[in-house]
Every structure is written in structure tokens, then in C-alpha cells.
Amino acid sequence: MSKEKDDNYWRERLTEEEFRVCREAGTERPFTGEYWDTFEDGRYRCRCCGEVLFHAESKFDAGCGWPSFDAEAEQGVVEERVDNSLGMQRTEILCASCGSHLGHVFPDGPTVTGLRYCVNSLSVKHDPDDPDKNAD
């Protein structure tokens with residue numbers, strides 16, 4: 001998936017709120033997103049391009065009101081860049097495939113990785129595991 005898709009391409013495929021978060025680096029209000037308090041098995045895919053970004057096994061309750069993960073699904077599927085907005089320096093996370101804004105990563109996670117990928121629910125879609133896919 002190209003990162004070069006224009007705004008018209010994304011506006012045709014996303015709701016207004018999804019566009020604001022995913023393509024304009026917006027943030028949903030805490031404790032309002034679809035996935036902040038769900039812990040079902042499966043994968044979390046990029047809402048824009050479908051890339052698998054996080055596995056449910058890495059999800060934890062950070063108490064912050066957004067879905068939180070301690071690791072990306074596979075190294076390199078999430079890109080990082082410096083975000084100096086709002087008068088502070090943070091590390092923004094984006095889908096490496098399409099450039100969609102996901103949220104931010106912080107070095108205060110409770111597991112061995114020490115990371116907390118704080119993700120907007122509007123940036124991802126939960127994809128439950130299909131048992132037939134795992135029967136190798």
C-alpha cells in the first residue's frame with residue numbers, strides 16, 4: 001500500500017472521524033474508543049490498509065483509556081517519528097505500510113519490553129483469530 005495516496009482517496013474510504021485520527025494525526029477522547037477495554041484473541045490491523053500491527057497477546061490495561069500494547073506484531077510494521085506538538089516531545093507511531101497515525105509509544109510499559117504503544121481505536125480494526133488459519 002502506497003503512502004502516496006491523496007486525501008480524496010482516504011476520504012472516500014474512511015468516516016470523517018477516522019480520517020481526522022488516521023490521516024490528520026487526531027486523537028479520540030480517552031475511554032470512548034471501541035477497543036480500550038476489550039481483550040479478545042486476535043490481531044489488530046491498520047484501519048486504512050489492513051496491515052497486522054499488534055497481536056491481542058501484547059494488549060494490556062494501562063488505565064489510560066486507549067488500547068495499549070507492549071510490542072508490535074512484527075518488527076518494522078510500526079514506524080516512529082518525533083512529535084513536538086502540544087508543547088511536549090513524544091514519539092508518534094504510524095503504520096509503516098500506509099503512514100496512518102496510530103497514536104504514541106511511551107517507555108513506561110509494565111512488561112519486559114518497557115513499552116506502551118498507546119493506540120487510537122479508530123486507527124485499528126480487531127480481527128478475531130480464525131482457528132482454521134492456525135491449523136498448520
Side-chain angles (χ1 to χ4, degrees):
M1 170 91 30
S2 171
K3 293 182 187 178
E4 304 304 317
K5 304 287 185 190
D6 67 13
D7 284 350
N8 290 331
Y9 175 88
W10 295 115
R11 284 187 196 283
E12 291 174 6
R13 288 158 176 78
L14 301 171
T15 68
E16 187 176 318
E17 192 66 6
E18 289 168 350
F19 183 86
R20 184 185 70 77
V21 170
C22 297
R23 308 318 301 179
E24 298 179 322
T27 302
E28 62 195 12
R29 291 187 341 265
F31 305 103
T32 64
E34 181 178 5
Y35 304 121
W36 77 270
D37 65 347
T38 62
F39 294 93
E40 298 168 13
D41 289 342
R43 299 166 295 276
Y44 289 83
R45 296 180 177 275
C46 176
R47 186 167 300 267
C48 293
C49 72
E51 181 74 35
V52 175
L53 301 172
F54 303 100
H55 292 290
E57 299 85 48
S58 71
K59 193 169 188 293
F60 64 94
D61 182 2
C64 63
W66 290 279
S68 298
F69 303 87
D70 70 351
E72 56 192 300
E74 186 177 309
Q75 188 171 3
V77 297
V78 174
E79 287 184 350
E80 298 180 4
R81 74 174 170 205
V82 175
D83 175 3
N84 290 312
S85 66
L86 304 177
M88 65 182 102
Q89 187 173 66
R90 299 176 292 170
T91 303
E92 179 184 11
I93 53 174
L94 306 106
C95 174
S97 179
C98 72
S100 178
H101 170 77
L102 304 173
H104 293 85
V105 63
F106 301 96
D108 62 2
T111 68
V112 68
T113 70
L115 298 174
R116 174 173 55 97
Y117 290 86
C118 187
V119 178
N120 290 288
S121 289
L122 287 169
S123 297
V124 293
K125 286 185 181 179
H126 179 253
D127 178 16
D129 279 335
D130 179 351
D132 295 335
K133 290 181 184 176
N134 297 327
D136 293 339

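In this text, all values refer to a predicted model and were calculated from it rather than measured experimentally.
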Which of Arg47, Arg11, Arg23, Arg13 passes side chain to side chain donor-acceptor pair (under 3.5 Å) with Glu18? Answer is Arg47
Taken in chain and number order and not counting sequence neighbours, the residues that satisfy salt bridge (Lys or Arg N to Asp or Glu O under 4.0 Å) with Asp41 are none
*In terms of hydrophobic clustering (I, L, V, M, F, W, Y; side-chain heavy atoms under 4.5 Å; direct or indirect links), are Phe54 and Val77 co-clustered?*
yes
Check: Under a 4.5 Å side-chain heavy-atom rule over Ile, Leu, Val, Met, Phe, Trp and Tyr, are Leu122 and Phe19 clustered together?
Finding: no
One should read off an interatomic distance between Cys118 SG and Phe106 CZ, to the nearest 0.5 angstrom, of 5.5 Å
Are Leu94 and Val105 in one and the same hydrophobic cluster, where Ile, Leu, Val, Met, Phe, Trp and Tyr link if side-chain heavy atoms are under 4.5 Å apart? no
- Query: Between Lys59 and Thr38, is there a donor-acceptor pair closer than 3.5 Å when you use the side chain of the first and the backbone of the second?
  - Reply: yes
When rounded to the nearest 0.5 Å, the distance separating CG of Leu115 from CD1 of Ile93 is 10.0 Å
From the list Trp36, Tyr44, Phe60, ring pair (Phe, Tyr, Trp, His ring centres under 6.0 Å) partner of Phe69 resolves to Tyr44
Residues passing the salt bridge (Lys or Arg N to Asp or Glu O under 4.0 Å) test with Asp108, sequence neighbours excluded, are Arg116
Minimal heavy-atom distance between Asp70 and Thr111, with the atoms involved, is OD2-OG1, 2.7 Å
Applying side chain to side chain contact (heavy atoms under 4.5 Å, CB included) to Asp83 and not counting sequence neighbours gives Ser85, Arg90, Glu92, His104
Output for pair (Glu17 CD, Cys22 SG), nearest 0.5 Å, gives 9.5 Å
Main chain of Ala25, side chain of Arg20: is a donor-acceptor contact present, judged purely on distance under 3.5 Å? no
Distance col, row Cys95:SG vs His101:NE2, nearest 0.5 angstrom, shows 12.5 Å
(request) Please confirm whether the backbone N or O of Glu28 pairs with a side-chain atom of Trp66, one donor and one acceptor, at under 3.5 Å? (result) yes
Check: Hey, is CD on Gln75 packed in by over 12 heavy atoms from elsewhere, all under 6.0 Å?
Finding: no
Glu57, CD atom: more than 12 neighbouring heavy atoms under 6.0 Å: yes
Output for pair (Leu53 CG, Ser100 OG), nearest 0.5 Å, gives 8.5 Å
Item checked: Hydrophobic cluster identity match, Tyr35 and Val21, side-chain contacts under 4.5 Å -> no
Value for SG (Cys98) from CD (Glu79), rounded to nearest 0.5 Å, stands at 10.0 Å
Discussion item. Donor-acceptor pair, distance only, cut-off 3.5 Å: does the side chain of Glu72 make one with the backbone of Val78?
Written reply: yes
